[in-house]
Number of protein chains: 2
Amino acid sequence: MRLYTIGQVAAMFHLPISTLRYYDKEGLFPNLERRAGIRRFSQQDLKALQVIECLKKTGLEIKDIKQFMQWCTEGASTYAQRHALFARQRAVVEAEIEHMQRILNMVRYKCWYYETAMCEGHEERLRNLSPADMPQEIRQAYERAHMLTPEDTLDTSDFANNGALEASASDEKLGEC
Amino acid sequence: MRLYTIGQVAAMFHLPISTLRYYDKEGLFPNLERRAGIRRFSQQDLKALQVIECLKKTGLEIKDIKQFMQWCTEGASTYAQRHALFARQRAVVEAEIEHMQRILNMVRYKCWYYETAMCEGHEERLRNLSPADMPQEIRQAYERAHMLTPEDTLDTSDFANNGALEASASDEKLGEC
DNA sequence: CATTGACCTAAAGTCAGGTTCAGGTGTTAT
DNA sequence: ATAACACCTGAACCTGACTTTAGGTCAATG
């Protein structure tokens with residue numbers, strides 16, 4: 001069975017050697033062999049590394065990956081745990097995507113805002129615009145961006161009550177969200 | 001014009017005081033007033049803070065936000081820069097969402113894999129499954145998860161050429177991606 | 001025999017976006 | 001007058017996933 005040095009593995013996977021040593025130190029290669037102190041990567045370790053790369057993409061942390069590796073060495077008795085790990089991760093990723101969608105709508109709105117400001121040369125009209133006056137597409141983006149979720153509610157009620165909208169005496173204004 | 005202490009602003013925005021001091025130190029309140037060393041937040045500063053919260057959601061870094069604040073104080077001459085900032089950010093967020101979609105597909109596949117493993121009590125059948133044998137929905141997830149993009153290509157060609165698929169002598173195997 | 005090159009270690013450094021701490025000032029309430 | 005409270009500062013600390021550094025072993029090559 002062929003064995004590889006750390007340098008060979010680094011080249012194969014286009015990873016820095018330091019990263020492999022770090023993974024090893026973190027316990028991601030439970031059965032890594034050594035001879036005279038030098039790491040010798042087996043086929044099994046290469047497969048483990050493939051799995052590590054894959055799990056990293058799913059957004060799992062190193063310590064979760066280590067746990068997963070441990071479970072894998074324990075066989076069929078840990079299917080339920082492994083399934084739970086991914087089920088949890090699925091929820092995390094789904095939430096994250098939804099969050100990013102809202103952010104995208106916010107950014108889209110901002111793009112439109114400054115495009116328009118550039119065309120008109122000023123923000124006067126823009127500043128007094130209500131969503132109803134915006135182009136359909138932008139209004140939708142704006143509204144989707146401002147749908148409140150528990151996670152990122154921006155409660156400025158006190159602020160508003162204290163007169164947020166009174167004309168400020170400042171010469172320069174900031175674009176609103 | 002009403003002025004607020006740092007504690008009042010923190011309460012209004014549900015932010016820790018330390019965060020506001022940090023933002024100030026980073027230059028996010030260019031015109032923040034002080035009396036006897038004590039910060040006094042004006043309406044303008046509260047608006048700035050609203051904008052900061054908003055821009056943070058768009059994924060911008062503190063230093064970009066600082067830059068944006070600076071541009072805002074420079075008036076209409078910086079519309080183009082501000083637009084460019086958001087246009088760039090839009091591309092970033094769009095790419096990130098696409099990336100997350102692929103990750104989600106990977107996680108979905110993993111969920112299915114372990115659900116099935118739990119049902120069957122082992123991975124024998126699963127391990128030899130080709131995409132064609134998977135349920136329609138899972139096959140799609142699997143295939144979408146494995147579409148290669150420049151960003152996260154996993155080039156294991158050398159590895160494969162060196163016999164990655166030779167049966168490993170290890171007693172325990174790891175689930176593949 | 002000296003240098004290069006591949007490997008090893010422990011420990012410190014890096015990045016962002018804060019948070020915490022130790023120590024100090026100033027105003028108000030008892 | 002002394003305690004409580006809100007504010008201030010600079011500096012250290014935090015997380016995660018690495019990377020870098022400093023110093024050391026060992027084998028082959030000129």
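The figures that follow rest on heavy atoms only: side chains count, while hydrogens, waters and symmetry mates do not.
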**Request:** Would you confirm whether the ring centroid of A:Phe13 sits within less than 6.0 angstrom of the ring centroid of A:Tyr4?
**Result:** no
**Item:** Rounded distance in Å - CZ (A:Arg40) to P (C:dA6)
**Value:** 19 Å
**Prompt:** Could you state the CG-C1' distance from B:Leu20 to D:dC8, rounded to the nearest angstrom?
**Reply:** 14 Å
**Prompt:** Judged by atom type as modelled, is there a donor-acceptor pair below 3.5 Å linking the side chain of A:Asn105 to the main-chain atoms of A:Arg102?
**Reply:** no
**Request:** Look at the side-chain N and O atoms of B:Arg21 and state whether any lies under 4.0 Å from the OP1 or OP2 oxygen of D:dC8.
**Result:** yes
**Complete:** So CD of B:Gln44 and CG of B:Leu49: to nearest 0.5 Å the spacing works out to 12.5 Å
**Request:** Check every atom of D:dC8, C:dT19, D:dA17 against the side chain of B:Ile38 and return the nucleotide holding the closest atom.
**Result:** D:dC8
**Asked** With a non-hydrogen cut-off below 4.0 angstrom, is B:Lys63 in contact with a base, only sugar-phosphate, or nothing?
**Response** nothing
**Request:** Quickly work out the A:Tyr22 OH to D:dT15 P distance and round it to whole Å.
**Result:** 13 Å
**Asked** Parallel, tilted or perpendicular: which fits the ring planes of A:Phe41 and A:Phe29, with parallel below 30° and perpendicular above 60°?
**Response** perpendicular
**Request:** Examine D:dC7: is either OP1 or OP2 under 4.0 Å from a nitrogen or oxygen in the side chain of B:Arg39? Give yes or no.
**Result:** no
**Message:** Between A:Thr19 and D:dT19, is there a contact of a side-chain N or O with OP1 or OP2 at under 4.0 Å?
**Reply:** yes
**Request:** Could you check which of D:dA17, D:dT19, C:dG17 has an atom nearest any side-chain atom of A:Ser18?
**Result:** D:dT19
**Prompt:** Is the shortest side-chain N/O distance from B:Arg35 to OP1 or OP2 of C:dG26 below 4.0 Å?
**Reply:** no
**Under 4.0 angstrom between B:Tyr23 side-chain N/O and C:dG18 OP1 or OP2** = yes
**Message:** Nearest to the A:Lys56 side chain among D:dA17, C:dG18, C:dC8, which nucleotide is it?
**Reply:** D:dA17
**Message:** Nearest to the B:Pro16 side chain among D:dA17, C:dG18, C:dT19, which nucleotide is it?
**Reply:** C:dT19
**Asked** Checking all strands, does A:Glu61 fall into the base, sugar-phosphate, or nothing category for heavy-atom contacts under 4.0 angstrom?
**Response** sugar-phosphate
**Item:** OP1 or OP2 of D:dG16 under 4.0 Å from side-chain N/O of A:Lys25
**Value:** no
**Asked** According to the interplanar angle, ranging from 0 to 90°, do the rings of A:Tyr114 and B:Tyr79 count as parallel (below 30°), tilted (30 to 60°) or perpendicular (above 60°)?
**Response** tilted
